[in-house]
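These notes are about the structure you will find just below.
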Amino acid sequence: MDITLYDTRTRSKVRLDPVTPGKASMYVCGPTVYDRAHIGNARPVVVFDTLFRLLRHVYGAENVTYVRNITDVDDKIIARARESGREIGAITEETTRWYHEDMDALGALRPTFEPRATEHIGGMIAMIALLIERGHAYAAEGHVLFSVGSYSDYGRLARRSLEDMRAGARVEVAPYKRDPMDFVLWKPSDADTPGWESPWGRGRPGWHIECSAMARALLGAEFDIHGGGVDLAFPHHENELAQSACAHPDEGFARIWMHNGMLNVEREKMSKSLGNFFTVRDLLDRRIPGEVIRFVLLSTHYRQPIDWTQAKVDEAETTLMKWRSISDGVTAGDADQTVLRALADDLNTPRAVAALHALSSDPAVLRGSAAMLGLLTNELGDWCEELRQPVPDHVTAKIGDIFARYAEFRLSKSFEKADQIREKLKEIGVQVYVDAEGIPQSRFLDPRHRTEVDNNLLNERLDQIIASL
């Protein structure tokens, strides 16, 4: 099966043609571990986890290498340590554990490799030295900076000209910079700041050089896919591409660059000042299941902005409870080709979800197909049972009374009256149907009647139906 993906650099869909035939490789920028991951941070995790699953299906799990880094040396981490009085190592270890717990709750598979920046300092120093040697970087006042003017293709990924970027530059203008757009590869560290010895003095790496060094160390000179949020396209990915191309001009680095869109909340940008900022843990603590969060994040095509709303959460929960009810206890079958083709077409998850809706008559195929999106898996737990509460006996009895009238009307061939009852029951989530043996049956379309409020509303609607009979 051919896979086509949208390449940010060429602004077009391209066929995935692996560097090594029969094997696929992917690098995705991971977290800076100083705080809980918010819901926007979770989107690229879910998006590229879904791509990882597709690649594993097409090429075989043993033939796919997925690298997602952990940035454990960064000014934000240093600032958090100073604010809290805690050791940096304690903060990064705790936050990394939180990250794993929260992403596990969303059903994300662990990547093949999860390198930490502090484990690759030697490779970063070697790459910086090579850039200086080749005239693409310079040392100044304990810093080493990349010279953007030395790379003629700078701005190609983001489609920005260097002249325009200089004119609107919002970057640090320091006296040691030759050009306002030059960015830091290495910065000095004082005695109270984490640092490593280097040819330019004791210091620590800049953010951009970290990913270039780790990607090359684990994926080689050229790899297939580089992913991340659209907010990373510039300057982070632009700078990665520039320094990698200049350090190793005969190597290709990433062939395809993929970026997911940003996340808003109820049509507003997520921010603490608006009170609409929340972490993945906040949602999980509100008893929104990880599978529901995942479904919402996949309901919009990854390249488009996504609007997180309560309505989408409710719809996702209803759909997943229905699918889990249908496929409960069923062994997953082969994935449906319509679902696979949708995912292979630039990870079109909305089209794949639409195809899943059509598979409710074949629970095994539904379960196997949903697994391609990381849904309906055993690892996500039986959260439906945890949330669901039984419908009270008196409510069930009323449904039975109404259903008995439905059966009487059918028996007397009063089909119009029977149909009216069927439609009224359907409006409150009860489906009336005739089984294969011709016997009328009823069932809940949506088994979410789990709270006292839900059941009280259902009881009121049933009283209205009974009064109309």
Side-chain angles (χ1 to χ4, degrees), residues 1 3 5 16 18 22-31 33 37 39-71 95-116 214-215 218-219 223-229 256 258 260 280-281 283-284 289-299 302 316 320 323-324 327 331-335 339-340 342-344 347-349 352-353 356 367-383:
M1 172 177 283
I3 297 174
L5 302 168
L16 175 61
K23 297 180 181 291
S25 51
M26 176 170 66
Y27 184 94
V28 177
C29 292
V33 284
I39 187 62
N41 300 141
R43 192 181 190 193
V45 174
V46 170
V47 165
F48 292 105
D49 175 72
T50 305
L51 179 56
F52 185 35
R53 291 170 184 271
L54 176 65
L55 295 174
R56 285 160 59 98
H57 177 83
V58 173
Y59 296 102
E62 70 281 2
N63 294 317
V64 180
T65 304
Y66 172 22
V67 178
R68 186 183 67 212
N69 74 293
I70 290 177
T71 297
T95 310
T96 299
R97 176 173 54 80
W98 287 346
Y99 183 78
H100 286 150
E101 291 171 353
D102 292 348
M103 297 310 116
D104 288 350
L106 302 186
L109 301 172
R110 296 289 178 93
T112 316
F113 298 107
E114 198 171 41
R116 298 184 181 219
M214 287 186 281
L218 293 167
L219 295 176
F223 56 95
D224 300 317
I225 301 163
H226 195 313
I256 298 174
M258 295 178 65
N260 63 269
V280 173
R281 180 50 50 182
L283 296 177
L284 295 171
E291 187 172 29
V292 172
I293 297 171
R294 184 183 184 96
F295 189 102
V296 174
L297 293 175
L298 293 175
S299 64
Y302 79 92
L320 288 168
W323 287 352
R324 281 193 170 268
S327 63
T331 301
D334 293 334
V339 173
L340 290 172
L343 295 177
L347 214 62
N348 195 326
T349 54
V353 169
L356 290 176
R367 202 168 189 92
S369 303
M372 293 302 305
L373 286 82
L375 301 172
L376 306 189
T377 64
N378 293 330
E379 291 76 14
L380 286 164
D382 194 2
W383 55 268

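- No option in Leu218, Leu219, Leu55 other than Leu219 meets the side-chain contact (heavy atoms from CB on, under 4.5 Å) test with Thr65.
- Side chains of Leu297 and Val45 form no contact here, defined as non-hydrogen atoms less than 4.5 Å apart.
- Here the CG atom belonging to Leu5 is positioned 4.5 Å from the CE atom belonging to Met258, to the nearest 0.5 angstrom.
- Residues Tyr59 and Leu16 meet the side-chain proximity criterion, which asks for heavy atoms closer than 4.5 Å.
- Atoms CG and CG, on Leu380 and Leu106 in that order, are 8.5 Å from each other to the nearest 0.5 Å.
- Side chains of Leu54 and Met372 form a contact here, defined as non-hydrogen atoms less than 4.5 Å apart.
- Residues Asn69 and Cys29 share a closest heavy-atom pair of OD1-CA, 3.4 Å.
- Considering all non-hydrogen atoms of both residues, Leu284 and Ala105 come closest at CD1-CB, 3.7 Å.
- The closest side-chain heavy-atom distance from His100 to Glu114 is below 4.5 Å.
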Quiz prompt | Stepwise side chain to side chain contact (heavy atoms under 4.5 Å, CB included) test for Val58 and Ile3 | solution = CA-CA 9 Å; Val58 173; Ile3 297 174; 4.0 Å; yes

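- Within the 4.5 Å cutoff, no side-chain heavy atoms of Leu373 are placed close to those of Phe295.
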Exercise. Please step through salt bridge (Lys or Arg N to Asp or Glu O under 4.0 Å) for the pair Arg56 and Glu62, ending with a clear verdict.
Key: CA-CA 8 Å; Arg56 285 160 59 98; Glu62 70 281 2; over 6 Å; no

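- With hydrogens and angles disregarded, no donor-acceptor distance shorter than 3.5 Å links the side chain of Asn260 to the backbone of Tyr302.
- Arg367 pairs with exactly one of Thr331, Asn378, Thr377 by the side-chain contact (heavy atoms from CB on, under 4.5 Å) rule, that one being Asn378.
- Proximity of Leu376 to Ser327: side-chain heavy atoms (C-beta onward) are separated by under 4.5 Å at one or more points.
- Counting only distance, with no hydrogens or angles, the side chain of Glu291 and the backbone of Leu375 share no donor-acceptor pair below 3.5 Å.
- Pairing each heavy atom of Arg294 with each of Thr50, the nearest pair is NH2-OG1, 3.4 Å.
- Atom CG in Leu340 sits 7.0 Å away from atom OG in Ser369 (nearest 0.5 Å).
- With Tyr99 as the aromatic partner, Arg97 does not meet the cation-pi criteria of under 6.0 angstrom to the ring centre and within 45 degrees of the ring axis.
- No side-chain heavy atom of Asn41 sits under 4.5 Å from any side-chain heavy atom of Pro31.
- Across Arg68 and Pro111, no two heavy atoms sit closer than the pair NH2-CD, 3.6 Å.
- One distance of note links CZ of Phe113 with CE of Met214; it measures 14.0 Å at 0.5 Å rounding.
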Exercise. Take Ile225 and Leu51 through the test side chain to side chain contact (heavy atoms under 4.5 Å, CB included) and record every step on the way to the result.
Key: CA-CA 10 Å; Ile225 301 163; Leu51 179 56; 4.0 Å; yes

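- The line from CG of Asp104 to CD of Glu379 is 10.5 Å long, rounded to the nearest 0.5 Å.
- Nearest approach of Ala335 to Gly368, heavy atoms of both residues: CB-O, 4.0 Å.
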Quiz item: Which is it for Asp224 and Lys23 under the salt bridge (Lys or Arg N to Asp or Glu O under 4.0 Å) test, yes or no, and what are the steps along the way?
Solution: CA-CA 9 Å; Asp224 300 317; Lys23 297 180 181 291; over 6 Å; no

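- The line from CD1 of Ile293 to CG of Leu283 is 4.5 Å long, rounded to the nearest 0.5 Å.
- Contact detail for Pro44 and Gly40: the closest heavy-atom pair is CD-O, 3.3 Å.
- No side-chain donor-acceptor contact under 3.5 Å links Tyr66 and Asp49.
- Side-chain contact between Met26 and Phe223: absent, with no pair of heavy atoms (C-beta onward) separated by less than 4.5 Å.
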